[in-house]
Structure formats: structure tokens, C-alpha cells
Amino acid sequence: MNAAVQANEVQVRVWSRYVRLFHWSLVGCVAVAWLSSGEIMKLHELAGYGAAALIASRLVAGLTGSRYARFSQFVRGPRAVTSYLADMRRGRERRYIGHNPAGGAMVIALLACLAAIALTGWLQTTDSWWGVAWLEDAHKVLGNAILVLVGLHIGGVLFATVRHHENLVRAMFTGRKRAPLPEDIA
Ligand code: HEM
Ligand code: HEM
């Protein structure tokens, strides 16, 4: 067996326990907030605040957390993102152990959109902003935009899963991924 194939079978730890817990708790909060919106408002607000608290904790982890949780590890400029997307179209994008540049941009878009949703939701509960029509509209529009982002996010995850023959959803549960080959980006 050559070294490349051997390396292939070794697993490395990528997502810390915190990242995994953060991810699936966020999915739960967003799902509950979405499904309860306009129906069970106490639950809606609770789930929304839960999402906001998770995002706040993720900002701290992005600065001080484990290697693959750090923003400096996966947030790339627009040029890196577009060049990665162009590589994807040509079917020659490289495998990343952490988030790839497009995935990293999506993480930021998801976090920013959810933070804006929570902010516009909370403001509606304050005396000064209660009943302000544009704020209500903004909350609803963003509340629907998050569905589009999540759709693209899941699409990207499935695309990379197929292209690189590794189950990324399982990795978000186990924290482990196939060890990098020399041509991968660790
Ligand atoms: C409300 C829905 C969702 C939101 C808001 C969301 C948000 C996020 C965020 C913020 C990350 C970055 C994790 C981190 O570094 O902390 C992430 C990564 C990830 N998410 Fe989701 N997610 C959602 C739904 C899902 C679903 C349903 C799946 C499974 C099909 C999924 C699979 C993944 C995977 C596999 C990663 C790691 C991607 C990679 O390998 O780069 N997500 N998600
Ligand atoms: C992940 C976070 C959240 C999501 C995805 C979300 C989503 C939504 C959506 C889609 C609507 C529109 C419902 C409709 O058209 O009937 C809505 C309404 C609303 N949300 Fe949120 N929301 C979130 C967080 C919050 C928070 C934190 C608060 C306040 C503490 C809040 C307060 C409200 C209020 C007051 C409405 C207006 C209800 C109405 O006009 O019938 N939301 N939200």
C-alpha cells in the first residue's frame, strides 16, 4: 500500500466538541424559531435569543478557539472565494480539511444574517422600536433570506461530500475527517 493510500485511511480531528455542539444547537434554534414564527411567539423569541447567544459564543471561539474554529483559518478575501468557485466549476477545486473559501464565506453570511434577524426581532420588543414597519419587514425578509442561505449551505456541503468522497455531515457529528494528502489544504 502506498503512503498516499495509507494517509487516506488515517483520521484527523477537525471539528472540536464545541463546534459540533454549536452547529447542531444552532440548527435546532433556527428551526424552532422559524417554525414558531407568527404562531407561538414566546417560543419564537426564546429560540431566537438562543441562536443569538450561540452566535455570540461563536464570535469568541472564532478568535480564541481551536485551530479549525478560528476565523483566521478559514475566512478568505473575495478573490480567493471567486477563484475557488471558478475551480469548482471546472471540477478541479482542492480539498480543504477545514472550511473551504466558499464555505468560509457562507459561515460568515449565515452568522451575519442570523445576528441581523435576532437584532431586528429584539428591537421590535422595545418601546422605542415597537410597531416600526420597516423593522418588521426587515425581520421577515431576513427570516426568509436565511432559508435561501441554508439551502445553498446544504447544497455546498452535499456537493463537497460527493466531489471529495467524504461524508461531511458525519464529520460534523464525529469531528473527524480523512487525513490530508499532500495536495489537500490543511
Ligand atoms: C438552520 C440551518 C443551519 C445553519 C444556520 C447552519 C450553520 C452552519 C455554520 C455556522 C457552520 C460553520 C460551523 C463552524 O465553523 O462553527 C456550518 C457548517 C456545517 N454545516 Fe451547517 N447549518 C445549518 C444546517 C445544516 C444541515 C441541515 C446540515 C446537514 C445536512 C449541515 C451541515 C454542515 C456541515 C457538514 C458543516 C461543515 C462544513 C465544512 O465541512 O466546511 N448544516 N453550518
Ligand atoms: C433565528 C432567529 C429568528 C428567525 C429565523 C425569525 C424568523 C421570523 C419570521 C420568518 C417571521 C415572520 C412571521 C410571519 O410572517 O408571520 C418573524 C416574525 C417575528 N419575529 Fe422573529 N425570527 C427570529 C428571532 C426573533 C427574535 C430574537 C425575536 C424577538 C425577541 C423575534 C420577534 C419576532 C416578532 C415580534 C415577529 C413579528 C410577528 C408578527 O408580526 O406576526 N424574532 N420572525
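Just follow the structure's listing: the first ligand is 1, and inside any ligand the first atom is 1.
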Relative to ligand 2, is Asn144 under 4.0 angstrom through side chain, backbone, both or neither, heavy atoms considered?
neither
Measure Phe74 to ligand 1 on non-hydrogen atoms and call it side chain, backbone, both or neither using the 4.0 Å cut-off.
neither
Give me the residue, atom name and distance of the protein heavy atom closest to atom 26 (C) of ligand 2.
Gly121 CA, 3.9 Å
For ligand 2, which atoms have a heavy atom of Gly48 less than 4.0 angstrom away?
2 (C), 24 (C), 27 (C)
Asp137: which residues meet the side chain to side chain donor-acceptor pair (under 3.5 Å) condition with it, sequence neighbours left out?
none
heavy-atom search around atom 16 (O) of ligand 1 in the protein gives Arg58 NE, 2.5 Å
Closest non-hydrogen protein atom to atom 12 (C) of ligand 2, residue and atom name please, with distance?
Lys140 CG, 3.5 Å
What protein heavy atom sits nearest atom 41 (O) of ligand 2, and how far off is it?
Gly38 CA, 4.2 Å
Enumerated ligand 1 atoms positioned under 4.0 Å from heavy atoms of Leu168:
35 (C), 40 (O)
Backbone or side-chain N or O of His44 under 3.5 Å from ligand 2 N or O:
yes
Residue, atom name and distance, where the atom is the protein heavy atom closest to atom 11 (C) of ligand 2:
Ser37 CB, 3.7 Å
Atom 3 (C) of ligand 2: which protein heavy atom is closest, and how many Å away?
Ile117 CG2, 3.2 Å
So which heavy atom in the protein is nearest atom 28 (C) of ligand 1, and how far is it from that ligand atom?
Trp24 CH2, 3.9 Å
Is it the side chain, the backbone, both or neither of Tyr68 that has a heavy atom closer than 4.0 Å to ligand 1?
neither
Region of Met41 engaging ligand 2 - heavy atom pairs below 4.0 Å
side chain
What atoms of ligand 1 come closer than 4.0 angstrom to any heavy atom of Val157?
33 (C), 34 (C), 35 (C)
Got an N/O contact under 3.5 Å between Glu45 and ligand 2?
no
For residues Trp134 and Val132, determine if any side-chain heavy atom of one lies less than 4.5 Å from a side-chain heavy atom of the other.
yes
Judged by heavy atoms only, the candidate from Val150, Ile146, Leu54, Leu158 nearest atom 4 (C) of ligand 1 is Val150
Which protein heavy atom lies closest to atom 15 (O) of ligand 1, and at what distance to 0.1 Å?
His99 NE2, 2.7 Å
Closest approach of any protein heavy atom to atom 17 (C) of ligand 1, naming residue and atom
His23 CD2, 3.2 Å
How far is atom 30 (C) of ligand 2 from its nearest protein heavy atom, and which residue and atom is that?
Tyr49 OH, 3.0 Å
Quick one: nearest non-hydrogen protein atom to atom 19 (C) of ligand 2, plus distance?
His139 CD2, 3.3 Å
For Leu114, counting its heavy atoms only, list the atoms of ligand 2 lying under 4.0 Å from any of them.
1 (C)
If you consider just the N/O/S atoms, which atom of His153 is the closest one to atom 21 (Fe) of ligand 1?
NE2
Tell me: protein heavy atom nearest atom 37 (C) of ligand 2, and distance?
Gln124 OE1, 3.8 Å
Pairing donors with acceptors under 3.5 angstrom, does anything connect the side chains of His99 and Gln73?
no
Can you tell if the side chain of Val107 reaches within under 4.5 Å of the side chain of Phe74, non-hydrogen atoms only?
yes
Do Leu114 and Leu26 have side-chain heavy atoms sitting under 4.5 Å apart?
yes
